[in-house]
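Treat the numbers as computed from the prediction; the structure is a model and nothing was measured. Both backbone and side-chain heavy atoms feed into the values below; hydrogens, waters and symmetry mates do not.
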Amino acid sequence: VLRALGAYLIVASDLEKADAIVILSGGDESRMQEALRLYKERYANLVILTETEDIIDGLSYPHSYDLRIQLMNNGVPSGNILLTDHVVNSTRDEAQAVKLLLTSRNLHSCIVVTDPYHTKRAYEIFNDALKSNGIKVMIHPVHGHWYNSRTWFLKLDGWHFTILEYIKLIDYRF
């Protein structure tokens, strides 16, 4: 039963070439590393970062700045990295910001990269937000992530993220 609860949250699309790879905010560096792998495998020529802000020593600091530098240091030209226009605070905000960016640039498909436990809800939110504009959404979990359906319940963080994700999924659906 516990394995099934974890597995329900994890979805992955069959990948095909897309217009852009979207790295969702949050998590650790693994989302960026996975997106970089997909970029190098030529699944897309553009990488989209959603803009969030961190507060460091009382000052606002754009989270995308470090990701952008890391992507460029790993061979992604700055012109191939796009930022959403607005600071986002939730997955719903990210979907709307990405929708605006994709439609303004006449792009028709994206691969959304996020942590495995976040894929089910992220896919539903992005698909709901973008399908009306004819934008194809593919979801891709980070490979080699600590969260997997066979062992999530052996870690305190596994319980934390699984319960929180189910609460957020129920909230989104209702």
Side-chain angles (χ1 to χ4, degrees), residues 7-53 62-68 70-72 74-143 145 147 161 164-166 168-174:
Y8 181 76
L9 295 176
I10 304 170
V11 297
S13 302
D14 291 331
L15 293 184
E16 56 189 57
K17 192 163 176 64
D19 292 323
I21 298 165
V22 179
I23 305 174
L24 294 189
S25 296
D28 57 23
E29 190 178 295
S30 63
R31 294 179 185 186
M32 188 274 304
Q33 291 294 337
E34 189 68 23
L36 184 60
R37 185 181 69 75
L38 294 176
Y39 177 84
K40 288 181 176 180
E41 291 178 8
R42 299 181 183 214
Y43 278 100
N45 292 325
L46 298 173
V47 177
I48 296 174
L49 302 174
T50 57
E51 188 63 85
T52 58
E53 291 180 335
H63 181 72
S64 64
Y65 179 78
D66 288 337
L67 290 176
R68 186 178 179 87
Q70 289 178 36
L71 287 167
M72 289 188 300
N74 283 282
V76 181
S78 64
N80 291 36
I81 304 169
L82 306 177
L83 296 172
T84 57
D85 289 335
H86 307 298
V87 174
V88 297
N89 296 307
S90 69
T91 306
R92 288 179 193 178
D93 290 349
E94 288 180 294
Q96 290 304 316
V98 168
K99 176 183 175 178
L100 290 172
L101 182 59
L102 292 173
T103 55
S104 72
R105 294 187 173 252
N106 200 28
L107 301 173
H108 304 288
S109 60
C110 66
I111 300 168
V112 177
V113 176
T114 192
D115 295 328
Y117 59 81
H118 188 228
T119 53
K120 177 99 174 149
R121 184 169 58 92
Y123 180 71
E124 288 183 14
I125 291 170
F126 270 78
N127 197 46
D128 288 349
L130 279 66
K131 71 180 173 188
S132 64
N133 289 75
I135 299 171
K136 181 176 181 164
V137 176
M138 292 168 273
I139 192 81
H140 185 73
V142 172
H143 284 120
H145 195 271
Y147 189 95
F161 286 109
L164 187 58
E165 199 59 34
Y166 270 99
K168 289 179 178 183
L169 185 59
I170 291 166
D171 178 59
Y172 175 70
R173 288 184 177 170
F174 298 106

Q. Can you list the residues that meet the ring pair (Phe, Tyr, Trp, His ring centres under 6.0 Å) rule with H140, with sequence neighbours excluded?
A. H143

Q. Which word best sums up how the rings of F161 and Y117 line up, parallel for under 30°, tilted for 30 to 60°, or perpendicular for over 60°?
A. parallel

Q.
Does the plane of the ring in Y166 sit parallel, tilted or perpendicular to the ring in Y8? Use 30° and 60° as the thresholds.
A. parallel

Does any N or O in the side chain of [X] come within less than 3.5 Å of the main-chain N or O of [Y], such that one atom is a donor and the other an acceptor?
{"X": "T84", "Y": "A97", "answer": "no"}
{"X": "D19", "Y": "S109", "answer": "yes"}
{"X": "D28", "Y": "S30", "answer": "yes"}

Which heavy atom of [X] sits nearest to which heavy atom of [Y], and what is that distance?
{"X": "K99", "Y": "S132", "answer": "NZ-OG, 4.1 Å"}
{"X": "V11", "Y": "P141", "answer": "O-CD, 3.7 Å"}
{"X": "V142", "Y": "P116", "answer": "O-CG, 3.7 Å"}
{"X": "G79", "Y": "L46", "answer": "O-CD2, 4.3 Å"}

Q.
Evaluate Y39 against N45 for side chain to side chain donor-acceptor pair (under 3.5 Å), listing each step before the verdict.
A. CA-CA 7 Å; Y39 177 84; N45 292 325; 5.6 Å; no

Evaluate the side-chain proximity of [Y] to [X]: yes if any heavy-atom separation is below 4.5 Å, no if none is.
{"X": "D128", "Y": "Y172", "result": "yes"}
{"X": "I135", "Y": "T103", "result": "yes"}
{"X": "F126", "Y": "L24", "result": "yes"}

[atom2] on [Y] to [atom1] on [X], rounded to 0.5 Å:
{"X": "L100", "Y": "R105", "atom1": "CG", "atom2": "CZ", "value": "12.5 Å"}
{"X": "L130", "Y": "Q96", "atom1": "CG", "atom2": "CD", "value": "8.0 Å"}
{"X": "D66", "Y": "E29", "atom1": "CG", "atom2": "CD", "value": "9.5 Å"}
{"X": "I23", "Y": "I111", "atom1": "CD1", "atom2": "CD1", "value": "11.5 Å"}
{"X": "E34", "Y": "R31", "atom1": "CD", "atom2": "CZ", "value": "12.0 Å"}
{"X": "L102", "Y": "L107", "atom1": "CG", "atom2": "CG", "value": "5.5 Å"}

Q) Could you go step by step and tell me if L38 and L15 meet the side chain to side chain contact (heavy atoms under 4.5 Å, CB included) rule? A) CA-CA 10 Å; L38 294 176; L15 293 184; 3.7 Å; yes

(Q) Checking T50 against S25 for the side chain to side chain donor-acceptor pair (under 3.5 Å) test, could you report, in this order, the C-alpha distance in whole Å, the side-chain angles of both residues, the deciding distance, and whether it holds? (A) CA-CA 6 Å; T50 57; S25 296; 2.7 Å; yes

Q | Salt-bridge contact E16-K136 (side-chain N to carboxylate O under 4.0 Å) | A | yes

Q | Note: R121-E124 ion pair, threshold 4.0 Å (strictly below) | A | no

Tell me, please, which residues at least two apart from [X] pass salt bridge (Lys or Arg N to Asp or Glu O under 4.0 Å).
{"X": "D85", "answer": "none"}
{"X": "R42", "answer": "none"}
{"X": "K40", "answer": "none"}

(Q) Run the side chain to side chain contact (heavy atoms under 4.5 Å, CB included) test against I81 and tell me which residues pass, sequence neighbours left out. (A) L49, R68, L71, M72, V76

Q) Does S90 have any side chain to side chain contact (heavy atoms under 4.5 Å, CB included) partners at least two apart in sequence or in another chain, and if so, which? A) R92, D93

Q: Any chance you could lay out the side chain to side chain contact (heavy atoms under 4.5 Å, CB included) test for L82 and V47, step after step, and finish with the verdict?
A: CA-CA 6 Å; L82 306 177; V47 177; over 6 Å; no

(Q) Under the criterion side chain to side chain contact (heavy atoms under 4.5 Å, CB included), I'd like the reasoning laid out for V137 against Y123: C-alpha separation, chi angles, the key distance, then a yes or no. (A) CA-CA 8 Å; V137 176; Y123 180 71; 4.1 Å; yes

Q) Can you list the steps and then say if L83 with I48 is a side chain to side chain contact (heavy atoms under 4.5 Å, CB included)? A) CA-CA 6 Å; L83 296 172; I48 296 174; over 6 Å; no

